[in-house]
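First comes the structure, then the notes that go with it.
Proteins get letters first, then strands, A, B, ... in listed order; numbering begins at 1 in each. We use all heavy atoms of the structure for the numbers below, so side chains are in, but hydrogens, waters and symmetry mates are not. Being a predicted model, the structure only gives us computed values, none of them experimental.
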Amino acid sequence: AQTVTQSQPEMSVQEAETVTLSCTYDTSESDYYLFWYKQPPSRQMILVIRQEAYKQQNATENRFSVNFQKAAKSFSLKISDSQLGDAAMYFCAYSGGTYKYIFGTGTRLKVLA
Amino acid sequence: DAGITQSPRHKVTETGTPVTLRCHQTENHRYMYWYRQDPGHGLRLIHYSYGVKDTDKGEVSDGYSVSRSKTEDFLLTLESATSSQTSVYFCAISEGQGAADTQYFGPGTRLTVL
């Protein structure tokens with residue numbers, strides 16, 4: 001069975017600095033997709049970025065980028081120039097052959113002014 | 001904004017009472033999902049639907065039932081609520097059910113069972 005692990009329950013970053021959130025997963029499938037979702041205090045789940053496993057190029061969305069290491073089954077999220085509005089829970093998610101999302105337990109990011 | 005609303009947004013109920021949560025979408029997406037979110041567990045799939053009257057179980061379906069009589073509405077029912085069902089419930093939609101299809105989430109419903 002597929003699993004997704006986020007080993008950092010909480011992280012802190014100084015405003016304007018860079019922070020990396022870790023995510024590892026386990027799967028025997030070769031074709032799958034990985035996602036990072038942000039959940040601010042409003043509770044809304046917001047898609048941050050998505051990565052196709054067949055693409056070697058790391059996905060990027062403005063200040064958000066991923067480091068996708070397929071062989072290591074690692075999918076970390078880098079947030080550059082952190083802003084106060086980036087403070088939230090961040091969830092890593094996997095979608096593969098069963099077409100059902102599997103979520104990690106989340107990392108709470110605090111941004112310090 | 002994927003046009004997803006959930007009602008109610010908050011509910012407090014007592015053990016043993018039936019509860020129905022509603023998810024409504026305005027964009028005729030075929031696939032709809034119900035998740036629950038609990039500390040230390042992330043989001044876990046309860047049930048999903050792949051069309052009108054077509055539903056299937058997810059990871060944590062015990063104690064829940066669903067119905068979908070119209071494309072736009074997906075109902076989650078707790079027949080007899082228990083304290084272990086205190087949680088935040090999210091509805092999600094996707095264009096398809098392929099692994100590539102991004103899921104978009106509603107605003108969530110906080111349910112407290114006393």
Side-chain angles (χ1 to χ4, degrees), chain A residues 1-10 21-55 59 61 66 75 88-108, chain B residues 1-11 21 23 29-51 54-61 87-112:
Chain A
Q2 295 84 11
T3 58
V4 175
T5 301
Q6 293 180 251
S7 59
Q8 306 154 316
E10 191 170 293
L21 309 184
S22 301
C23 173
T24 59
Y25 60 94
D26 190 24
T27 183
S28 58
E29 296 166 336
S30 58
D31 188 21
Y32 52 88
Y33 296 78
L34 297 162
F35 306 83
W36 278 99
Y37 281 87
K38 171 185 177 181
Q39 186 181 44
S42 67
R43 273 204 321 250
Q44 182 71 52
M45 293 286 287
I46 303 165
L47 178 68
V48 175
I49 202 164
R50 134 195 169 134
Q51 175 76 44
E52 294 87 346
Y54 63 85
K55 287 188 178 179
E61 288 288 345
V66 299
F75 182 60
M89 281 288 286
Y90 286 83
F91 291 96
C92 177
Y94 168 99
S95 177
T98 61
Y99 309 147
K100 300 173 188 176
Y101 275 33
I102 299 169
F103 284 87
T105 53
T107 296
R108 182 173 301 281
Chain B
D1 184 359
I4 309 168
T5 57
Q6 293 184 230
S7 59
R9 295 293 311 279
H10 303 271
K11 186 170 182 67
L21 308 182
C23 176
H29 293 294
R30 181 178 174 190
Y31 293 92
M32 300 183 74
Y33 310 81
W34 276 109
Y35 291 88
R36 60 178 289 172
Q37 180 181 14
D38 304 290
H41 289 279
L43 278 76
R44 293 178 292 173
L45 182 65
I46 305 172
H47 281 280
Y48 66 100
S49 170
Y50 44 97
D54 293 321
T55 64
D56 205 350
K57 295 179 179 180
E59 178 188 0
V60 290
S61 60
S87 187
V88 178
Y89 291 85
F90 285 94
C91 175
I93 58 91
S94 66
E95 283 284 350
Q97 200 192 13
D101 288 291
T102 299
Q103 293 186 15
Y104 296 94
F105 290 81
T109 294
R110 180 176 294 279
L111 175 67
T112 302

Which region of B:Leu43, side chain (C-beta onward) or backbone (N, CA, C, O), has a non-hydrogen atom less than 4.5 Å from a non-hydrogen atom of chain A, or is it both or neither? both
Counting only heavy atoms closer than 4.5 Å, note whether B:Arg110 contacts chain A via side chain, backbone, both or neither. both
Less than 6.0 Å separating the ring centroids of B:Phe105 and B:Tyr35? yes
Only one of A:Tyr101, A:Tyr54, A:Phe75, A:Tyr94 forms a ring pair (Phe, Tyr, Trp, His ring centres under 6.0 Å) with A:Tyr32, so which one is it? A:Tyr94
What part of B:Gln37 gets closer than 4.5 Å to chain A, counting heavy atoms only: side chain, backbone, both or neither? side chain
Does the side chain of A:Tyr33 pick up a donor-acceptor pair with the side chain of B:Thr102 at under 3.5 Å? no
Donor-acceptor under 3.5 Å (A:Gln51 side chain, A:Leu34 main chain): no
With a 4.5 angstrom heavy-atom cut-off, which part of A:Gln39 approaches chain B: side chain, backbone, both or neither? side chain
